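Right, one structure below, let's go through it.
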Amino acid sequence: MASSTSPADVFRHSLRLLLDKDVAGWVALWDDDGVMEFPFAPPGWPKRLEGRVAVRDYMRDYPAHIDLHAVPDLTIHRTDDPATVVVEMRAVGRLVVSGAPYDMTYIAVVTAVDGRFTHYRDYWNPLALPQDGTADFTGSDR
């Protein structure tokens with residue numbers, strides 16, 4: 001990805017990769033030292049991932065748990081920091097194990113420098129998932 005790629009463009013590209021089930025491509029968008037945070041993570045779920053390897057390990061089984069079909073609602077807000085955007089989105093699909101519908105609303109604060117994610121604060125609610133363990137792809141110890 002070119003160094004002039006805006007954070008909004010990097011984010012849109014990342015969504016296309018997730019919809020294509022290309023987790024390796026999605027992880028490749030991360031800076032080696034990128035940080036992903038989950039401020040609303042419940043006990044036993046990771047609150048912070050440090051580095052591309054940790055992000056890769058967290059996401060490696062994503063398509064085996066969530067079959068993402070579309071992102072029907074997406075708004076990307078610019079901030080005073082040209083490297084940071086605030087994203088509002090809704091993702092829909094199905095949970096692979098149960099076949100149950102997946103419909104999740106997210107807000108994320110995303111920083112991308114030189115076409116790579118350096119910081120991604122994900123305000124999603126994992127408690128909105130079924131609590132029977134069929135959607136727990138986090139490697140948590142819940």
Side-chain angles (χ1 to χ4, degrees), residues 1-130 133-142:
M1 209 163 244
S3 63
S4 63
T5 303
S6 74
D9 290 340
V10 175
F11 190 83
R12 283 186 192 96
H13 180 63
S14 77
L15 289 180
R16 285 190 298 276
L17 292 168
L18 286 178
L19 288 166
D20 289 343
K21 319 288 187 262
D22 184 355
V23 173
W26 188 86
V27 170
L29 292 176
W30 280 81
D31 183 81
D32 287 342
D33 299 317
V35 173
M36 188 169 202
E37 295 181 295
F38 306 96
F40 296 149
W45 289 60
K47 291 193 177 293
R48 182 179 173 96
L49 305 171
E50 295 187 21
R52 181 187 297 154
V53 171
V55 172
R56 181 201 65 208
D57 291 347
Y58 175 80
M59 289 293 292
R60 73 175 166 256
D61 295 328
Y62 183 87
H65 297 279
I66 298 174
D67 179 14
L68 196 60
H69 295 167
V71 179
D73 303 316
L74 175 65
T75 303
I76 300 176
H77 305 276
R78 293 182 184 158
T79 70
D80 288 341
D81 178 350
T84 300
V85 293
V86 175
V87 178
E88 297 178 83
M89 68 179 203
R90 180 174 152 247
V92 298
R94 70 178 181 85
L95 299 177
V96 174
V97 172
S98 67
Y102 178 80
D103 192 335
M104 185 68 67
T105 302
Y106 300 81
I107 292 178
V109 179
V110 180
T111 302
V113 177
D114 295 330
R116 301 272 183 247
F117 291 129
T118 57
H119 198 186
Y120 192 124
R121 193 170 305 118
D122 197 350
Y123 292 91
W124 78 297
N125 181 7
L127 297 178
L129 293 171
T134 60
D136 186 358
F137 60 96
T138 66
S140 69
D141 57 6
R142 300 186 305 131

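Please read all numbers here as calculations on a predicted model, not as lab measurements.
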Quick one, R52 with D32, criterion side-chain contact (heavy atoms from CB on, under 4.5 Å). Give me CA distance, side-chain angles, the key distance, then yes/no.
CA-CA 5 Å; R52 181 187 297 154; D32 287 342; 3.1 Å; yes
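- Aromatic ring pairs are classed by plane angle as parallel below 30°, tilted from 30° to 60° and perpendicular above 60°; the pair Y106 and Y102 is tilted.
- Closest non-hydrogen pair, A83 versus P7, comes out as O-CG, 3.2 Å.
- Across every non-hydrogen atom of L95 and P101, the tightest pair is CG-O, 4.5 Å.
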Give the C-alpha distance, both sets of side-chain angles, the deciding distance and a yes or no for side-chain contact (heavy atoms from CB on, under 4.5 Å) between V96 and I66.
CA-CA 6 Å; V96 174; I66 298 174; 5.9 Å; no
Show your working on salt bridge (charged side-chain N to carboxylate O under 4.0 Å, His left out) between R90 and D103 and close with a plain yes or no.
CA-CA 7 Å; R90 180 174 152 247; D103 192 335; 2.8 Å; yes
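- Across M104 and N125, no two heavy atoms sit closer than the pair CE-O, 3.6 Å.
- Distance alone, capped at 3.5 Å, is enough to place a donor-acceptor pair between the T79 side chain and the T84 backbone.
- Residues P72 and V92 come closest through the heavy atom pair CD-CG2, 4.0 Å.
- From E37, atom CD reaches atom OH of Y120 across 13.0 Å, with rounding to the nearest 0.5 Å.
- Shortest non-hydrogen contact noted between W30 and V35 is CZ3-O, 3.7 Å.
- Of the inter-residue distances, the one linking M36 atom CE with E50 atom CD reads 13.5 Å to the nearest 0.5 angstrom.
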Working note: T111 + T118, criterion side chain to side chain donor-acceptor pair (under 3.5 Å); need CA distance, chi angles, decisive distance, verdict.
CA-CA 6 Å; T111 302; T118 57; 4.9 Å; no
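- Nearest approach of R116 to D31, heavy atoms of both residues: CB-N, 3.7 Å.
- At least one donor-acceptor pair closer than 3.5 Å links the side chain of D22 to the backbone N or O of G25.
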For the pair V55 and V53, evaluate side-chain contact (heavy atoms from CB on, under 4.5 Å) and give the outcome as yes or no after the intermediate values.
CA-CA 5 Å; V55 172; V53 171; over 6 Å; no
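- At least one side-chain heavy atom of M59 sits less than 4.5 Å from a side-chain heavy atom of L18.
- With contacts defined as side-chain heavy-atom distances shorter than 4.5 Å, the pair I107/V87 does not qualify.
- One finds the NZ atom of K21 at 4.0 Å from the CG atom of D67 (value rounded to the nearest 0.5 Å).
- The shortest side-chain heavy-atom distance between P39 and R121 falls under the 4.5 Å cut-off.
- Between Y58 and F38, the angle of the ring planes lies from 30° to 60°, which puts this pair in the tilted group.
- The ring of Y123 has its center closer than 6.0 angstrom to the ring center of F40.
- Side-chain contact check for S14 versus F117: some heavy-atom pair is nearer than 4.5 Å.
- Between the NE2 atom in H77 and the OG1 atom in T75 there is a gap of 5.0 Å [rounded to 0.5 Å].
- Between R12 and I76, the closest side-chain pair of non-hydrogen atoms falls below 4.5 Å.
- L17 CG to L68 CG: the interatomic distance, rounded to the nearest 0.5 Å, is 12.0 Å.
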